Chemist: 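What follows is a single structure, and I will ask about it in a moment.
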Amino acid sequence: MTAPLLEVRGLAKHYPLKHGRVVRAVDGVDLALAPGESLGLVGESGCGKSTVARLVLRLVPPTAGSIRFAGQEIATLSDSALRPLRRHMQIIFQNPHAALNPRRTVFASVAEPLVVQGMAGADLQARVARLLVQVGLPEGFLWRYPHELSGGQKQRVCIARALALEPRLLVLDEPTSALDVSVQAQILEFLQELRARLGLSYLFISHNLAVVRQVCDRVAVMYLGRIVEEGPAEAVFANPRSDYTRTLMAAAFGTGGAPAPQDQGG
């Protein structure tokens, strides 16, 4: 059996309040993600999904628990020890409009992680141009600014920046929710093709069950900081075991639950 690329056990993030009270944003989460796999983390707003994403990437420190990436425990690593691993774990945020600096060209935004790694000159420009082509944008976009791009084009720039250091894991935090429906479909199709071509692993966070069903191999359902159900995507959608999962299904697909996938023919 292939060892997980990412494995978390007992992951917790608690925020203390006044008078001894505590907000348990994440409260004992167990997850595993295999190389090349896409895992959907679903649940209503405020259930702790995005906090899990930030914990996995060590953007915030965990209160408790283990985070193993490529077999290495990273939950307790210092910032300096973690730095070499960060290139292998990248995030794509929900809103590409906010993720890009309006005063920086596409070239400057995509080049930033490469500059940090010491790349410069002609090699840098050639690498950024290749990244744009990889995400379906022409080289002529190098010198454009964000206000000159559509929402889908901005998200492709964000994806190019995330791919710059050739990561193994992409954390996608509601990556299409800020886009028009037609653009969502294009980006989702592109993300699927990209995963197959590069062998990436995805932790795909969303409240949109239809999107998760389309792009994920497995699904984990989160409620009040805990995982209440996990399994192969089709099994969870066809026969949800948790009352909360059934409630989500009813809200998303109607009282009959998730409809069977449509045969596209051909």
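In this text, all values refer to a predicted model and were calculated from it rather than measured experimentally.
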Chemist: Would a 4.5 Å heavy-atom cut-off, applied to side chains only, mark L11 and L31 as touching?
Modeler: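 No, every pair of side-chain atoms sits at 4.5 Å or beyond.
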Chemist: For P84 and A81, which heavy atoms make the closest approach, and how far apart are they?
Modeler: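 In terms of heavy atoms, the two residues are closest at CD-O, 3.3 Å.
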Chemist: Cluster question for you: counting only ILVMFWY and a side-chain heavy-atom cut-off of under 4.5 Å, with indirect links fine, are L39 and I67 together?
Modeler: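 As far as the 4.5 Å side-chain criterion goes, I67 and L39 are connected within one cluster.
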Chemist: Under the side chain to side chain contact (heavy atoms under 4.5 Å, CB included) criterion, do L41 and I227 qualify, and how do the steps go?
Modeler: CA-CA 9 Å; L41 186 59; I227 303 297; 3.7 Å; yes
Chemist: Under a 4.0 Å N-O cut-off, is there an ion pair linking E37 with R195?
Modeler: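 Salt bridge between E37 and R195, a charged N being under 4.0 Å from a carboxylate O: no.
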Chemist: Hey, mind stepping through N208 and T176 against side chain to side chain contact (heavy atoms under 4.5 Å, CB included) and telling me if it holds?
Modeler: CA-CA 10 Å; N208 189 324; T176 61; over 6 Å; no
Chemist: Any sub-3.5 Å donor-acceptor pair from Q134's side-chain atoms to A160's backbone N or O?
Modeler: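 Checking the backbone N and O of A160 against the side chain of Q134, no donor-acceptor pair under 3.5 Å is found.
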Chemist: Does L200 offer a backbone N or O that forms a donor-acceptor pair with the side chain of R168 under 3.5 Å?
Modeler: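 Here the side-chain-to-backbone pair does not exist.
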Chemist: Quick check for you: to the nearest 0.5 Å, what is the distance between S201 atom OG and L170 atom CG?
Modeler: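 Those atoms lie 9.0 Å apart.
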Chemist: Can you check whether L194 reaches Y202 side chain to side chain, under 4.5 Å on heavy atoms?
Modeler: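 Contact flag for L194/Y202 side chains = yes.
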Chemist: Between L172 and V215, does the side chain to side chain contact (heavy atoms under 4.5 Å, CB included) criterion hold? Intermediate values first, please.
Modeler: CA-CA 12 Å; L172 300 117; V215 302; over 6 Å; no
Chemist: Might you work through the side chain to side chain contact (heavy atoms under 4.5 Å, CB included) test for L149 and V106, ending with a clear yes or no?
Modeler: CA-CA 10 Å; L149 308 178; V106 167; 3.8 Å; yes
Chemist: Distance from L169 atom CG to H88 atom NE2, nearest 0.5 Å?
Modeler: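 So the gap between those two atoms works out to 11.5 Å.
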Chemist: Going by heavy atoms in the side chains, are Q155 and P175 under 4.5 Å from each other?
Modeler: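 Heavy-atom side-chain distance check passes, below 4.5 Å.
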Chemist: Parallel, tilted or perpendicular for F253 and F237, by the 30°/60° rule?
Modeler: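 If you compare the ring of F253 with that of F237, the planes turn out perpendicular.
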Chemist: Is it true that V228 and M222 fall in one hydrophobic cluster, defined by side-chain heavy atoms closer than 4.5 Å?
Modeler: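 Shared cluster, no.
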Chemist: Would you say D27's side chain and A12's backbone share a donor-acceptor pair under 3.5 angstrom?
Modeler: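 Answer holds: no.
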Chemist: Quick check against the 3.5 Å criterion: does E7 have a side-chain atom that pairs as donor or acceptor with the backbone of R68?
Modeler: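 Answer holds: no.
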Chemist: How far does CZ of R87 sit from CG of L114, to the nearest 0.5 angstrom?
Modeler: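 Spacing of CZ (R87) from CG (L114) equals 8.5 Å.
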Chemist: Assess whether atom CZ of F107 is packed by more than 12 heavy atoms of other residues, nucleotides or ligands within 6.0 Å.
Modeler: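 Atom CZ in F107 is packed in, count exceeds 12.
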Chemist: Under 4.5 Å between any side-chain heavy atoms of V236 and M249, yes or no?
Modeler: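 With C-beta onward as the side chain, the pair touches.
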Chemist: Give a yes or no on whether the backbone of P240 and the side-chain of E229 come within a donor-acceptor separation of less than 3.5 Å.
Modeler: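 No; zero donor-acceptor contacts below 3.5 Å.
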Chemist: Kindly say whether A75 contributes a backbone atom to a donor-acceptor pair with the side chain of E73 at under 3.5 angstrom?
Modeler: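 Looks like yes, one N/O pair under 3.5 Å.
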Chemist: So which atom in L248 and which in L209 form the shortest heavy-atom distance, rounded to 0.1 Å?
Modeler: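 Closest pair (atom of L248, atom of L209, distance): O-CD1, 3.6 Å.
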Chemist: Among R54, Q94, K49, which residue satisfies the side chain to side chain donor-acceptor pair (under 3.5 Å) criterion with D173?
Modeler: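 For D173, the side chain to side chain donor-acceptor pair (under 3.5 Å) test succeeds with only one of R54, Q94, K49, which is R54.
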Chemist: Is it the case that over 12 heavy atoms from other parts of the model lie below 6.0 angstrom from the CZ atom of R103?
Modeler: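 Counting neighbours around CZ of R103, 12 or fewer heavy atoms of other residues, nucleotides or ligands fall under 6.0 Å, so no.
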Chemist: Roughly how far, to the nearest 0.5 Å, is CG of L179 from OG of S150?
Modeler: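 Atom-to-atom, S150:OG and L179:CG are 8.5 Å apart.
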Chemist: What heavy-atom pair brings E44 and Y223 nearest, and what distance separates the two atoms?
Modeler: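 So the minimum-distance heavy-atom pair works out to OE2-CE1, 3.6 Å.
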Chemist: Closest approach of Q72 and L85, non-hydrogen atoms and distance?
Modeler: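 Shortest heavy-atom separation between Q72 and L85 comes out as OE1-CD1, 3.7 Å.
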Chemist: Has the side chain of Q186 got a donor or acceptor atom that lies under 3.5 Å from a matching backbone atom of V183?
Modeler: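 Checking the backbone N and O of V183 against the side chain of Q186, no donor-acceptor pair under 3.5 Å is found.
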Chemist: Run the numbers on R130 and E166 for salt bridge (Lys or Arg N to Asp or Glu O under 4.0 Å), then give the verdict.
Modeler: CA-CA 13 Å; R130 287 196 300 270; E166 300 180 342; over 6 Å; no
Chemist: Tell me, do P4 and L33 make a side-chain contact under 4.5 Å, heavy atoms counted?
Modeler: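 SC-SC contact between P4 and L33 ruled out.
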Chemist: Taking atom CG of L55 and atom OG of S50, what is their separation to the nearest 0.5 Å?
Modeler: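 Rounded to the nearest 0.5 Å, the CG-OG separation comes to 11.0 Å.
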Chemist: Any chain of hydrophobic side-chain contacts (each under 4.5 Å) joining V171 to L77?
Modeler: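 Yes: a chain of side-chain contacts under 4.5 Å links V171 to L77.
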Chemist: Any idea which heavy atoms bring I187 and G152 closest together, and the distance?
Modeler: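 Closest approach of I187 to G152, heavy atoms only: CD1-O, 3.8 Å.
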Chemist: For R127 and A164, indicate whether the former's side chain and the latter's backbone hold a donor-acceptor pair under 3.5 Å.
Modeler: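 Answer holds: yes.
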Chemist: Do L17 and V22 share a hydrophobic cluster (ILVMFWY, side-chain heavy atoms under 4.5 Å, transitive)?
Modeler: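 In one cluster with L17: V22, no.
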Chemist: To the closest 0.5 Å, what do you measure between CD (E189) and CD (Q192)?
Modeler: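 Here the rounded value is 7.5 Å.
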Chemist: I'd like to check R86 versus L165 (side-chain heavy atoms, cut-off strictly below 4.5 Å). Are they in contact?
Modeler: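 No - every pair of side-chain heavy atoms lies 4.5 Å or more apart.
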Chemist: Do V221 and F204 share a hydrophobic cluster (ILVMFWY, side-chain heavy atoms under 4.5 Å, transitive)?
Modeler: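 Yes: a chain of side-chain contacts under 4.5 Å links V221 to F204.
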Chemist: With a 4.5 Å limit on heavy-atom distance, are the side chains of R104 and P146 in contact?
Modeler: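 No, every pair of side-chain atoms sits at 4.5 Å or beyond.
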Chemist: Any idea which heavy atoms bring V212 and S206 closest together, and the distance?
Modeler: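 Shortest heavy-atom separation between V212 and S206 comes out as CG2-CB, 3.8 Å.
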Chemist: Is R24 reaching over with its side chain to a backbone N or O of R226, donor-acceptor style, under 3.5 angstrom?
Modeler: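 Here the side-chain-to-backbone pair does not exist.
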Chemist: Answer yes or no: is there a donor N or O on one side and an acceptor on the other, between the side chain of S66 and the main chain of V8, under 3.5 Å?
Modeler: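 Such a contact is absent between S66 side chain and V8 backbone.
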Chemist: Is there side-chain contact between L198 and L163, with at least one heavy-atom pair below 4.5 Å?
Modeler: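 Side chain of L198 against side chain of L163, heavy atoms only: contact under 4.5 Å found.
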